[in-house]
Chemist: 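Please read through the structure below; I'll follow up with questions.
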Amino acid sequence: MFRKFSRRGEGLDCVRDVNVFVLFVVFFSTLISASIGVTALLVSGLVTRESFSEVWFAWWIGDVLSNLVFAPFFSIWSKWPGKKVDMSK
């Protein structure tokens, strides 16, 4: 999704790419993840209806923070020039 809406689809090189990353990757994907995860816990009986919103918020904030911290690092790391493996041998 990030590649579709960013200009070059390569990384966080300009302000527009950062905005797309924060809006789509950090915000929307974590909403879906937290909703599915906590609903699964509710269905399995590990979370009560009374604590659903608190657990959902904790799950969501954890996902958001980890996406904001680790995703840019992995994006940069994946483009880091390194030793290329020749598969033709």
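What you see is a predicted model; the values in this text were computed from it and never measured.
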Chemist: Roughly how far apart are S35 OG and W60 CH2, rounded to 0.5 Å?
Modeler: 11.0 Å
Chemist: Check for a donor-acceptor pair, side chain of S44 on one end and backbone N or O of A40 on the other, with a separation under 3.5 Å.
Modeler: yes
Chemist: Indicate, with yes or no, if L68 and F57 share a hydrophobic cluster defined by side-chain heavy-atom contacts under 4.5 Å among Ile, Leu, Val, Met, Phe, Trp and Tyr.
Modeler: yes
Chemist: Applying the side chain to side chain contact (heavy atoms under 4.5 Å, CB included) criterion to W56, which one of V38, T39, L42, L41 satisfies it?
Modeler: V38
Chemist: Of all heavy-atom pairs between G37 and W59, which one has the smallest distance, and what is that distance?
Modeler: CA-CH2, 3.5 Å
Chemist: Would you find a donor on one side and an acceptor on the other, under 3.5 Å apart, between the side chain of S51 and the backbone of V47?
Modeler: no
Chemist: How close do A34 and D63 get, counting heavy atoms only, and between which atoms?
Modeler: N-OD2, 4.2 Å
